[in-house]
Each structure stands twice: as C-alpha cells, then as structure tokens.
Amino acid sequence: MLMNNEAAAELIDKAAKVLRHNDRRGWTVPAGDLYPHQWFWDSCFVAIGLRHIDIERAQTELKSLLGGQWHNGMFPNIIFSNDRQYWRDRQLWRSWINPYAPDDTSTSGITQPPMLAEAVVQIGEKLKLPERRSWYRQMLGPLVRYHEWLYLDRDPHKEGLILLLHPYESGFDSSPPWLSELRKHSVPWWLGLVERAHLDWTISFARHDTKYVDVAQRSGNIEAAAAWVAIHRLRRKAYNSEALISRSLFAVEDLTFNCILIQANKCLVKIAKTLNHQLSPDLLANMKRTEAALEQLWDEDSGHYYCRSFASHKLIQEPTIATLLPLYSGTITKERAERLVGLLKRRRMFSPNWPVPSVPVNSPDFNPYKYWQGPTWVNTNWLIIQGLSNYGFHTEAAKLRDQTIKLAAKSGFSEYFNPLNAAPLGAANFSWTAALVIDLLKD
C-alpha cells in the first residue's frame, strides 16, 4: 500500500461521510437526486464496505432488500421510494400487475447481478460463530428462494446459463453487447424514423438522468429510448418470463451475471454448510451445470469470453471488461486465468493510466466518458481484485488495489472515471465507490 495510515484514515472518513449522506434510514441511495431509490447490487456493495465501520448497519442494509423480494423468489433491481414525487417511476414499472410482486412495496419487474450471497458472507466473516449462524439463518431462506427462482425462471432449457431480458439486469446497462442487442431487437419503426430524421434530441426532454449528468457521459438518446421500449414490452407481458422468452429474440446469456452467480452459489453453499442445512439436489445440480456451461462463452480465436444470444446461441463478440470476470467466478483453469491476466496487463487494452476500463482502449466502441462504454468503475475493479487474489496473482491484485485507491484519493467518490486522465464522471458521492474504497483500504 502506497498510502500512509493517516491518509488512509482520512480517506475512510470521507467515504463514510458519503455513506451517511446517502443513508435513508435503513437503506442507501446510490447517489442523491440521480438515483433516489434502492438498487439491489448497489446495496450489496454498500454493505460490504459498511461492515468495517458499522456491522449492524451493514446487516440492516441487506435485510431491507428482503422487503422487496417477490413471492416467487426474485429480488428486483429497484425498490422504489414511497415519496409522492416519484410516482412516475412507480407507474413506469407497475410491478403490481404481476401476482408475485410484493403486496405493499413498489419495485421494478426485473433483477440484477446476484451479489447478495457474497455480501452476506462478507458480513458473516466479521462475526463470531454464534452471531454468524444467527445472521445466516435470517438470510438463508430468501437466498435459496432467489437462486431457485433464477434457475426455474431464467434457465428454461436447463443449460446452466441464466438469461436476462433487459440490459438493466446485467448492471452494465449500455455496454456494447447490450447496445448491439438493443439495436437488433428493441428499436421499433417509429424510433428508427426519429433517428433517421435526426430528431433524437427531442428524447432528451423525457430523460431524468441527463438533468443531473452531462449527456456526453450517459447512453445516447436512441439507446435510452430503446431501453424504455424494452421495459414496456416486459410490462405488457406482466413480467412473465415464460411468455417473454417464447415471443422475443431479446434475451442474452450475460457473462458478468453468470460469473457473479457462480461465486454467489459458492457463498450460498458456505452459508448452508455453516448451518448444517442441506440444499436441494436440484439446486446443487444446477450450480454445477452453470460452472461447466461458462466455458461455452469462451472464444479461442480471440482469447475472450463473451455474452451469448439466447435465441441464436451465437457469441456476441463485443469485447468488454466482462471477459476478465471469470477470474471472479473462480471456476476457470489456472492456465485460462493466466491468459486473462495477460489481457489485463496490456496497456492498449485494459491497463491505461487508470485501469480497468469497461471497454478495452483499442476497441472501436471505446469512449472514456460514456457510462459502460469505457470509463473505469470501482465495483468492477473490486470484482477483478477478488478474482486475482483467488488465483494467487497477489502482486497484480495489490497493484490494482493501490491504483483504485489512488483514483478515489485523486478524484473523489464519483460513479465512474475517465481511465485516461482520472476525471470524475457520472454522479458525485456515489455510494458503492465510497463503500468499496473503504473495503479496499481495510483489506
């Protein structure tokens, strides 16, 4: 670590202030006005950082997610604030049209990367065994129902890979693979007409995000509108996955989601073992199937992992940071891990001045300012650091940890950063950035 203890303590204090500022009495907003609700994987990352400074508050953060869990087991990606000013957000999704939605809580109708089991274990490892068991008992049932739902609802052919129905489910909302699929399957004729007539600027009047962040740092207007169209398609089918899958080509076996699921499955097994609880044979078989199926997303010619179209079963050969996340899954061979570390070290790919860019620098899609199309994110750095450590690449993990901490020390706790010059981008005082910097400093 290049930072002395005094400077580290000061940075932790600043990060803790961000989390206190974004605290909403039991749950945390990602960032003020831009993100006024509770997001699923954001709260998981927040809890991982909070466990170092207030473990009870970290537990509360995760328990607050349980109130949004659907009766079929799904954890939605958004639990909406009840404030009257956000009625439009609740109306956009109308989760209540699905019979499995929670009775007294408005949510979205889709999920997000399954970080919850990891966050539960991270907190549990800070507790003594009796308290750990008590904590795990509270969380085991909801976690099992969620993982069972994923396989029942989103792996219809029992192939092992979970499919997603909207870019927001991936967490990488506007990454090149998802933009490619949006363009193919979610641009209706009228939106194409708007684009050809160069009237896409009119869409900005309906956008919430660009009221707070420069449009150059967000998805384009056509892509944003296509994402809304996709939400309306989900809503028309009342978020019924079976109906959606049977009638739509817009379904993706997302690489990041499945890598995170593999690690989440391992954490769920650890929780169950601590409680001497036997997971069902079907669930355990599904877990093994996912680990084996991940290799179907590897392309030997390019040396990358990719997302895959569910309908065509063809790889979506758009390189992104996701190709490095099988390191986090912990299931690939050491030889394959070494190849990914080789990609990580290439300056013109994933190692510019401030790694790791969300799209490789040498990609024609790389844009250092625009959301998931190039900027560096602290949460993906955190996932890669865990993966490097798990495979014994401790020098590389320490280097990336130091660079990530230096980035926050230099440019604050922004949502994302320009990987070429460290310029802060997106929302300021972003919760998971602050929380994960705390975790990296305490590690």
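Source: prediction; values computed, not measured. Atom set for the values below is all heavy atoms of this structure, side chains included, hydrogens, waters and symmetry mates excluded.
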Could you tell me whether a side-chain N or O of Asp155 sits under 3.5 Å from a main-chain N or O of Gly160, the two making a donor and an acceptor? yes
Counting N and O atoms only, with roles assigned by atom type, does the side chain of Ser309 sit under 3.5 Å from a partner on the main chain of Val252, one being a donor and the other an acceptor? no
Contact summary for Pro326 and Leu340, nearest pair of heavy atoms: CB-CD1, 4.1 Å
Under 3.5 Å side-chain donor-acceptor pair for Ser170 and Asp254: no
Could Lys266 and Glu291 be called an ion pair, given the rule that one side-chain N must be under 4.0 Å from one carboxylate O? no
For residues Arg57 and Thr28, is any side-chain donor paired with an opposing acceptor at under 3.5 Å? yes
Should Glu195 and Arg183 be marked as a salt bridge (Lys or Arg N to Asp or Glu O under 4.0 Å) after you check the CA-CA gap, both sets of side-chain angles, and the distance that decides it? CA-CA 12 Å; Glu195 184 174 26; Arg183 285 281 180 177; 2.8 Å; yes
For Gln91, does the CD atom sit with more than 12 other heavy atoms under 6.0 Å from it, leaving out its own atoms? yes
Any donor-acceptor N/O pair, Ser108 side chain to Ile78 backbone, under 3.5 Å: yes
Would you kindly say whether Arg145 and Asn72 are connected by a side-chain donor-acceptor distance under 3.5 Å? no
Return yes if a side-chain donor-acceptor contact under 3.5 Å exists between Arg336 and Tyr391, otherwise no. no
Between Ala264 and Pro114, what is the shortest heavy-atom contact and its length? CB-O, 3.3 Å
Using a 6.0 Å cut-off, check whether atom CG of Asp214 has over 12 heavy atoms from anything other than its own residue. yes
Angle between ring planes, His37 versus Phe80, binned at 30° and 60°: parallel, tilted or perpendicular? perpendicular
Counting only N and O atoms by type, is there a donor-acceptor contact under 3.5 Å from the side chain of Ser411 to the main-chain atoms of Ala422? yes
Short question: side chain of Asn98, backbone of Ala238 - any donor-acceptor pair under 3.5 Å? yes
Six-ring centre of Tyr306, Lys314 cation under 6.0 angstrom, axis tolerance 45°: no
With Thr376 as partner, the option from Pro419, Pro352, Pro368 fulfilling side-chain contact (heavy atoms from CB on, under 4.5 Å) is Pro419
Once side-chain contact (heavy atoms from CB on, under 4.5 Å) is applied, do any residues pair with Trp201, and if so which ones, sequence neighbours excluded? Leu199, Phe205
Listed by chain and number, what are the side-chain contact (heavy atoms from CB on, under 4.5 Å) partners of Tyr212, not counting sequence neighbours? Asp33, Leu34, His208
Using the six-membered ring wherever Trp is involved, compare the ring planes of Trp178 and Phe250 and label them parallel, tilted or perpendicular (cut-offs 30° and 60°). perpendicular
Give the minimum heavy-atom separation between Tyr239 and Leu92, together with the two atoms involved. OH-O, 4.5 Å
Does either side chain, that of Thr107 or that of Trp70, offer a donor lying less than 3.5 Å from an acceptor on the other one? yes
Which donor-acceptor pairs under 3.5 Å do side chains of residues 354-364 form with protein atoms, sequence neighbours excluded?
residue : atom : partner : partner atom : Å
Ser358  : OG   : Gly374  : N            : 2.9
Ser358  : OG   : Pro375  : O            : 2.8
Ser363  : OG   : Asp365  : N            : 3.1

When you measure from the side chain of Gln217 to the backbone of Gly426, do you find a donor-acceptor pair of N or O atoms at a distance under 3.5 Å? yes
Donor-acceptor side-chain pairing of Ser64 and Gln38 below 3.5 angstrom: yes
If you count heavy atoms of other groups shown closer than 6.0 angstrom to NZ of Lys14, is the number above 12? no
Using the side-chain contact (heavy atoms from CB on, under 4.5 Å) definition, which of the options His147, Met139, Gln69 pairs with Leu116? Met139
Mind jotting down which residue pairs meet the ring-ring contact (aromatic ring centres under 6.0 Å, His included) criterion with at least one end in residues 404-426? Sequence neighbours excluded, please. Tyr371-Tyr416, Trp377-Tyr416
Got a sec: does the CD of Glu125 have more than 12 other heavy atoms crowding it under 6.0 Å? yes
Closest heavy-atom pair, Leu268 versus Met287, reported as atoms and distance to 0.1 Å, is CD2-CE, 3.9 Å
Nearest heavy-atom approach of Thr433 to Ser414 is OG1-O, 2.8 Å
Report the C-alpha separation of Glu253 and Glu159 in whole Å, then their side-chain angles, then the decisive distance to 0.1 Å, and conclude whether the side chain to side chain contact (heavy atoms under 4.5 Å, CB included) test is met. CA-CA 10 Å; Glu253 293 166 335; Glu159 296 175 316; 3.4 Å; yes
Count the heavy atoms of every other residue, nucleotide or ligand shown that sit under 6.0 Å from NE2 of His313, and state whether that count exceeds 12. yes
What do the steps show when you test Tyr146 against Thr111 for side-chain hydrogen bond (donor to acceptor under 3.5 Å, both in side chains), and what is the final call? CA-CA 10 Å; Tyr146 180 47; Thr111 191; 2.7 Å; yes
Kindly determine whether Asn381 and Arg401 satisfy side-chain hydrogen bond (donor to acceptor under 3.5 Å, both in side chains), including the steps that lead there. CA-CA 8 Å; Asn381 279 11; Arg401 182 183 296 113; over 6 Å; no
With a 4.0 Å cut-off, would you call Lys184 and Glu181 a salt bridge? yes
Does a salt bridge link Arg218 with Glu415, judged by any charged N lying under 4.0 Å from a carboxylate O? yes
Who pairs with Tyr168 by ring pair (Phe, Tyr, Trp, His ring centres under 6.0 Å), at least two apart in sequence or on another chain? His166
Trace of the salt bridge (Lys or Arg N to Asp or Glu O under 4.0 Å) decision for Lys345 with Glu396: CA-CA 9 Å; Lys345 291 180 176 180; Glu396 291 82 359; 3.0 Å; yes
By ring pair (Phe, Tyr, Trp, His ring centres under 6.0 Å), which residues pair with Trp41, not counting sequence neighbours? Phe45, Trp432
